[in-house]
Amino acid sequence: MTTAVVVGSQWGDEGKGKIIDLLSQDAEMTVRYSGGNNAGHSISNAGQKIALHLIPSGILNKTSRCVISNGTVINPEILIAEMNNLKQHGITIDHLTISDRAHVIFPYHILQDLQQENDRRTIGDPLGTTKNGIGPAYMDKIQRIGIRVADLLNRDKLNQQLKFNLMQKQRVLDTELFDQLPPLDELVEKYYQMGQVLKPYISDTGSVVNQAIDRNQRVLFEGAQGAMLDVDHGTYPYVTSSNPVSGGACIGASIGPKAIDHVIGVGKAYVSRVGDGPFPTEQDNSIGDYIRETAHEYGVVTHRPRRIGWFDAFLMKYSAQINGFTGLVINCMDVLTGFKTVKLCTGYKLDGQLIDFYPASNEVLNQVTPVYEELPGWSEDITQVTSFAELPVNAQNYLNRIAELTKIPIAGFSIGPDRDQTVQIQNIW
Ligand code: IMO
Ligand code: MG
């Protein structure tokens, strides 16, 4: 058996898609286990970029089964559009499987998301969500009023569930928002029809994944978002509503914890964050601006400029702890080329004292002073490098220091956005 989970180690957008693209070439199955269309990455196919939000990047590998498992929340309209887009690009999707247990995002979830963000904005404290209805869909799941993919296939049950849900939403939503919703019959018909489109792909993905594991196949679990956006471990409430951490793969893909062999944490050589919330190493200055423009750090989903900061090894240690990383991939090393010196945050000071835990309180996180180590930078063009040894010594030292501080070996690094600009050090398959 060889299984691996690829997890975002920071606040999302770490370039997970690139690593998953690489590893899924030899995977026999790729499984997306949490989140919804709040995630965004683009894959390159014959020189064309295709944006994906729900479908695993492994879709390009025809021999690898692609699974959207129970832990995800699915907006069927978006999923079908994504499927059609792939087909239009000549990419077969016959190897796609969608969980009957995944929860469905309805238009009222999006309105609830908007309403809550607008209300929070009036008190000056928005979360900066992607406004895709992710949080409200997970709320309904926990509240036990959610509608699952399997329910889309039963018109009578769907009618009954939607009738009840509309009653509930009428109590929650402002009248002007509620009135934007289509009437019950229309909603039932539309979602039933989308269920029919998805029907050939729907199955009990838990069995599918466990059978693959029993057959000793190479199974790759594709994380979305990042550990610091985890609803339990991240900077709550400035998080997403699911568990992107490696453990989320167990619940979100119906597997036991012993079924996971490798946990690859993906990070960037610096840190980015889109949306609100604390960010101790943030560089809201010319350094951040330079990195943002050099690396085009703008969101794939919402096109918002991303906030930028120095690499935070203290955060990464915490991330390693909650994920159990067996290897670390550091992306975007090329972006740091040209800095005279580069900084690594090794710890946080609170009232002049180093702390030895990652604070739960955002007020505390906003108060801490990051402690930096300054390392000599590199100016050589590293974009064509094909091995660790070819890196300039200062870039090697930078990666070695990250491994030393986090106690996690470097599994790979990237030196540019192209497919062949990733150097793999650990071979997991
Ligand atoms: P990928 O998979 C970066 C952030 C949002 C917001 C918070 C809550 O591309 O790394 P939500 O819509 O999930 O309720 O928003 O989480 N967020 C992400 N940030 N990358 C992502 O996904 C994200 N998914 C959600 O910006 O701060
Ligand atoms: Mg993103």
Side-chain angles (χ1 to χ4, degrees), residues 5-21 30 32-43 51-57 68 71-75 78 82 103 105 109-118 120-121 125-142 221-245 248-249 252 265-268 271-279 282 292 295-309 319 329 331-332 362:
V5 192
V6 173
V7 194
S9 63
Q10 298 161 334
W11 277 291
D13 305 325
E14 301 92 348
K16 298 174 288 294
K18 198 171 193 290
I19 305 308
I20 288 155
D21 178 37
T30 313
R32 171 80 193 272
Y33 62 83
S34 73
N37 58 308
N38 45 349
H41 50 261
S42 43
I43 51 168
L52 293 179
H53 299 289
L54 272 164
I55 296 179
S57 318
I68 303 178
T72 61
V73 282
I74 297 178
N75 180 328
I78 303 274
E82 220 162 86
H103 280 248
I105 300 179
H109 292 130
I110 297 169
L111 295 175
Q112 265 182 281
D113 202 346
L114 284 174
Q115 177 170 286
Q116 183 180 298
E117 276 296 271
N118 286 340
R120 288 192 74 115
R121 200 156 283 121
D125 189 24
L127 299 182
T129 74
T130 61
K131 303 196 181 88
N132 285 309
I134 307 292
Y138 277 115
M139 264 163 63
D140 285 1
K141 170 178 175 173
I142 303 301
F221 296 94
E222 165 169 343
Q225 285 83 48
M228 299 308 287
L229 289 171
D230 187 281
V231 68
D232 281 82
H233 308 100
T235 45
Y236 191 90
Y238 307 96
V239 292
T240 192
S241 299
S242 64
N243 290 111
V245 292
V266 184
K268 282 195 281 215
V271 182
S272 77
R273 172 163 207 173
V274 60
D276 296 273
F279 186 172
E282 183 168 18
R292 184 180 309 107
H296 196 73
E297 289 287 1
Y298 291 86
V300 177
V301 180
T302 54
H303 311 291
R304 288 174 290 179
R306 295 184 185 137
R307 300 156 64 194
I308 306 291
S319 191
V329 173
N331 281 326
C332 307
N362 292 319

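Bear in mind that the values here come from a model prediction, so they are computed numbers and not experimental data. Counting convention: from 1, in listed order, for ligands and their atoms alike. Just the heavy atoms: all of them, side chains too, but no hydrogens, waters or symmetry mates, feed the values below.
Atoms CD and CG, on Glu117 and Asp125 in that order, are 9.0 Å from each other to the nearest 0.5 Å. The CG atom of Asn37 sits 10.5 Å away from atom OG1 of Thr72, with the distance rounded to the nearest 0.5 Å.
At a heavy-atom distance under 4.0 Å, only side-chain atoms of Leu229, from C-beta outward, approach ligand 1.
The closest approach of Asp13 to the Mg ion (ligand 2), by N/O/S atoms, is made by OD1.
Scanning all protein heavy atoms for the shortest distance to atom 19 (N) of ligand 1 gives Val274 CG1, 3.4 Å. Of the protein's heavy atoms, Thr240 OG1, 2.6 Å lies nearest to atom 13 (O) of ligand 1.
In terms of modelled atom types and a separation under 3.5 Å, the side chain of Lys16 and the main chain of Gln225 share a donor-acceptor contact. Counting only distance, with no hydrogens or angles, the side chain of Glu222 and the backbone of Ser57 share a donor-acceptor pair below 3.5 Å.
No heavy atom of Asp113 sits closer than 4.0 Å to any atom of ligand 1. Using a 4.0 angstrom heavy-atom cutoff, Arg304 counts as in contact with ligand 1. The shell of residues lying under 4.0 angstrom from ligand 1, judged by heavy atoms, excludes Asn132. Close to ligand 1: Gly40, with a non-hydrogen atom less than 4.0 angstrom away.
Considering backbone and side-chain atoms alike, Asp276 places every N or O at 3.5 Å or more from each N or O of ligand 1. Polar contact with ligand 1: present for Asp13 (N/O pair, distance under 3.5 Å).
Listed by number with element, the atoms of ligand 1 under 4.0 Å from a non-hydrogen atom of Leu127 are 27 (O). For ligand 1, the atoms lying closer than 4.0 Å to a non-hydrogen atom of Gly275 are 27 (O). Atoms of ligand 1 lying under 4.0 Å from at least one heavy atom of Trp11, given by number and element, are 3 (C), 19 (N). Close contacts between ligand 1 and Lys16 involve ligand atoms 1 (P), 2 (O), 10 (O) [criterion: under 4.0 Å to a heavy atom].
Compare Gly36, Gly128, Gly8 by their heavy atoms: the one nearest to atom 5 (C) of ligand 1 is in Gly128. Selection from Val266, Ile134, Thr129 by nearest heavy atom to atom 15 (O) of ligand 1 gives Thr129. Ranked by closest heavy atom to atom 24 (N) of ligand 1, the top entry among Glu117, Arg273, Glu222, Gln225 is Gln225.
When each of Glu297, Gln10, Glu14 is paired with Lys268, the side-chain hydrogen bond (donor to acceptor under 3.5 Å, both in side chains) condition holds for Glu297 and for no other.
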Val231/Asn243 under side chain to side chain contact (heavy atoms under 4.5 Å, CB included): CA gap, chis, key distance, verdict: CA-CA 6 Å; Val231 68; Asn243 290 111; 3.8 Å; yes
